[in-house]
2 protein chains.
Amino acid sequence: MTDLSKIKDSLLKTHPFAEEQLDQFTGRLIFQRFNKREFLLKSGQISKGITFILSGSLRLYNKTGDKELTLNFFTENTWLADLESLLTQQSSTNYIEAFEDTSAATIMLKDLHWLMDNYPDFRMLNKLLTGLHISTMHLASIKTKNPDERYHELLTTHPDWLNRFPQNQIASYLGMAPETLSRVRARLS
Amino acid sequence: MTDLSKIKDSLLKTHPFAEEQLDQFTGRLIFQRFNKREFLLKSGQISKGITFILSGSLRLYNKTGDKELTLNFFTENTWLADLESLLTQQSSTNYIEAFEDTSAATIMLKDLHWLMDNYPDFRMLNKLLTGLHISTMHLASIKTKNPDERYHELLTTHPDWLNRFPQNQIASYLGMAPETLSRVRARLS
DNA sequence: TGATTTTCTTGATCGTGGTCAATTGTTAAT
DNA sequence: ATTAACAATTGACCACGATCAAGAAAATCA
């Protein structure tokens with residue numbers, strides 16, 4: 001499956017776009033590679049577009065002092081942005097960092113606007129953004145569930161993350177100390 | 001200040017719309033009143049539009065068993081929606097309930113689309129939605145700060161909420177037991 | 001107005017999960 | 001291959017905040 005068809009597939013899942021529309025979209029994409037540890041976005045910068053991950057993975061986190069708080073992980077065939085910064089066009093407080101060598105394609109906000117102007121169907125791209133919100137589910141989970149329950153939830157929603165990302169980052173995402181995650185896992189064997 | 005000018009004001013904060021555009025927008029609004037305890041949205045329903053609160057206040061929460069978890073409060077002169085449900089057009093898992101007698105104006109999603117088709121400027125309304133996201137700040141706060149810190153944060157971000165909404169609901173929003181919030185407050189006098 | 005329900009406060013208890021520390025395991029670099 | 005840096009595990013400790021319970025205060029309703 002080619003890079004372009006991956007992206008077209010993803011678009012078609014949100015709306016039955018015509019071939020011409022898909023080509024208008026993909027023709028505006030900017031392809032980039034990020035080495036592991038390289039940044040797609042740093043705190044202080046303004047998010048300029050929406051990025052599709054062709055291969056690899058990235059991590060969204062913020063920093064207070066030298067403590068990192070992992071907010072989300074993104075893996076291949078998903079869309080990615082710092083939504084708050086993108087929509088407000090104000091500088092982000094977050095970092096988006098390649099966890100592995102990553103290949104990606106970005107559509108700039110201005111091109112998105114051009115597409116919406118000329119092809120009203122592209123309004124539906126708002127749906128792309130849905131996955132980028134911090135879901136109420138995740139927040140509810142953090143507020144009400146204990147570490148065991150949160151781990152089991154992740155086991156069902158993103159089992160792949162667990163043997164892909166380091167445990168201390170997973171723990172941070174789950175809102176618990178790394179030692180606690182380690183013990184939760186030990187309890188299950 | 002009239003209801004219409006409140007809404008126009010709010011729109012002008014996101015984008016310099018022309019008077020004609022503002023009128024096109026306000027002409028499509030649906031005005032509604034909600035009595036205290038009445039629901040704007042119930043779990044299982046699909047969010048059909050974005051609502052501006054003219055007066056009163058509402059609470060967004062979800063329910064597991066008979067336990068309510070407060071996700072957000074909304075007060076006059078702000079926009080409101082269940083964003084996940086609105087964008088995906090799938091049934092919501094949340095409730096939006098009037099906390100006080102509330103007067104509001106709703107723009108339906110289909111009208112929003114019509115406006116975007118005919119006036120590209122209305123694309124910028126995405127900005128309206130920004131305030132509706134669960135902010136990464138709130139999530140970070142819940143994950144990393146203790147009850148005292150979270151209370152102080154709310155004191156600076158939404159001091160008005162504290163003498164407007166019941167403490168047990170505030171406590172739920174802050175992710176702590178009502179007794180804990182009571183003690184946090186006692187400690188400050 | 002008084003009666004009933006709900007919310008808030010305060011106390012006492014207890015368990016969970018964070019922190020600190022030491023050890024082992026893994027990864028990365030030269 | 002060796003070292004260094006980092007990640008994961010395990011144990012010991014204890015503080016924070018949840019829970020339970022009872023009484024006071026406030027809000028709601030007839």
Side-chain angles (χ1 to χ4, degrees), chain A residues 34-38 56-57 59 61 63-70 73 97-101 139-155 161-189, chain B residues 34-38 56-57 59 61 63-70 73 95 97-102 139-155 161-189:
Chain A
F34 298 93
N35 293 326
K36 180 174 176 127
R37 295 250 123 205
E38 216 175 315
S57 59
R59 183 170 62 104
Y61 63 92
K63 236 177 184 170
T64 23
D66 58 346
K67 278 210 153 312
E68 292 179 359
L69 177 68
T70 295
F73 297 102
E97 180 183 326
F99 172 71
E100 302 163 303
D101 291 350
L139 181 64
S141 169
I142 294 288
K143 275 193 195 168
T144 63
K145 299 193 170 163
N146 66 29
D148 286 82
E149 294 169 322
R150 299 210 291 277
Y151 177 75
H152 281 100
E153 202 170 56
L154 191 63
L155 260 178
W161 288 6
L162 294 164
N163 31 12
R164 185 162 187 179
F165 302 110
Q167 271 180 223
N168 56 355
Q169 292 178 11
I170 299 270
S172 171
Y173 172 78
L174 291 175
M176 65 185 74
E179 295 94 330
T180 302
L181 178 55
S182 177
R183 279 185 254 264
V184 168
R185 304 191 66 192
R187 234 170 273 149
L188 302 175
S189 5
Chain B
F34 298 93
N35 293 326
K36 181 174 175 126
R37 296 252 123 203
E38 215 176 315
S57 58
R59 182 170 63 103
Y61 63 91
K63 236 178 184 170
T64 24
D66 59 345
K67 277 210 154 307
E68 292 180 0
L69 176 68
T70 295
F73 297 101
Y95 298 82
E97 181 182 325
F99 172 71
E100 301 162 305
D101 291 350
T102 295
L139 182 63
S141 168
I142 294 287
K143 276 193 195 170
T144 63
K145 298 192 172 164
N146 66 29
D148 287 81
E149 294 170 322
R150 299 210 289 277
Y151 177 74
H152 280 100
E153 202 170 57
L154 191 63
L155 260 179
W161 289 6
L162 293 164
N163 31 11
R164 184 160 187 181
F165 302 110
Q167 273 181 219
N168 55 357
Q169 293 177 11
I170 299 269
S172 171
Y173 172 78
L174 291 175
M176 65 186 74
E179 295 93 331
T180 301
L181 178 56
S182 177
R183 279 185 254 264
V184 167
R185 304 192 67 191
R187 235 171 273 150
L188 301 177
S189 8

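The model shown is predicted, which means the values in this text are computed figures rather than measured ones. Lettering follows sequence order; numbering is per chain, from 1.
- Every residue was checked against the salt bridge (charged side-chain N to carboxylate O under 4.0 Å, His left out) condition with E149(B), not counting sequence neighbours, and none meets it.
- Nucleotide dG17(D) holds its C1' atom 14 Å from the CD atom of E149(B), rounded to whole Å.
- Note: CD (E100(B)) to C1' (dT28(D)) measures 16 Å, nearest angstrom.
- Considering CG of L69(B) and OG1 of T144(A), their distance stands at 6.0 Å, rounded to 0.5 Å.
- The side-chain hydrogen bond (donor to acceptor under 3.5 Å, both in side chains) pairs that include a residue from residues 167-176 of chain B are R59(B)-Q169(B), Q167(B)-R185(B), where partners are two or more places apart or lie in different chains.
- Checked against side chain to side chain contact (heavy atoms under 4.5 Å, CB included), T180(A) has the following partners two or more places apart in sequence or in another chain: P147(A), M176(A), A177(A), V184(A).
- Between the OH atom of Y151(A) and the P atom of dA8(D) there is a distance of 12 Å, given to the nearest Å.
- Rounded to whole Å, atom P of dA27(D) lies 11 Å from atom CZ of F99(B).
- Residues passing the side chain to side chain contact (heavy atoms under 4.5 Å, CB included) test with R183(A) are E179(A), R187(A), sequence neighbours excluded.
- Going from atom CZ of R150(B) over to atom C1' of dA18(D) covers 12 Å, rounded to whole Å.
- Residues passing the salt bridge (charged side-chain N to carboxylate O under 4.0 Å, His left out) test with R150(B): none are found, sequence neighbours excluded.
- Rounded to a whole Å, the CG atom of D148(B) is 16 Å from the P atom of dA15(D).
- With sequence neighbours excluded, the residues forming a side chain to side chain contact (heavy atoms under 4.5 Å, CB included) with L155(A) are Y151(A), H152(A), L162(A), listed by chain and number.
- Legend: residues meeting ring-ring contact (aromatic ring centres under 6.0 Å, His included) with F99(B), ordered by chain and number and at least two apart, are F165(B).
- Closest contact between the side chain of N168(A) and the listed nucleotides dA8(D), dG17(D), dT28(D) involves dA8(D).
- In terms of modelled atom types and a separation under 3.5 Å, the side chain of N35(B) and the main chain of D101(B) share no donor-acceptor contact.
- Using a 4.0 Å cutoff to heavy atoms of chain B, the contacted part of DNA chain C runs 5' to 3' from dT7(C) to dA12(C).
- Evaluation of the side chain to side chain contact (heavy atoms under 4.5 Å, CB included) rule for N163(A) yields no partner, not counting sequence neighbours.
- In this structure, the helix from dT9(C)-dA22(D) to dT30(C)-dA1(D) shows an angle of 50° between the axis at its start and the axis at its end, each fitted on 5 base pairs and rounded to 10°.
- One interatomic measurement links the two molecules: CZ of R164(A) to C1' of dA7(D), which rounds to 19 Å at whole-angstrom precision.
- Remark: Y61(B) engages Y95(B) in a ring-ring contact (aromatic ring centres under 6.0 Å, His included) (not counting sequence neighbours).
- In this structure, K145(A) places its NZ atom 18 Å from C1' of dA18(D), rounding to the nearest Å.
- For residues 177-186 of chain A, proximity to DNA chain D is found at E179(A), S182(A), R183(A), A186(A), defined as any non-hydrogen atom under 4.0 angstrom from a strand atom.
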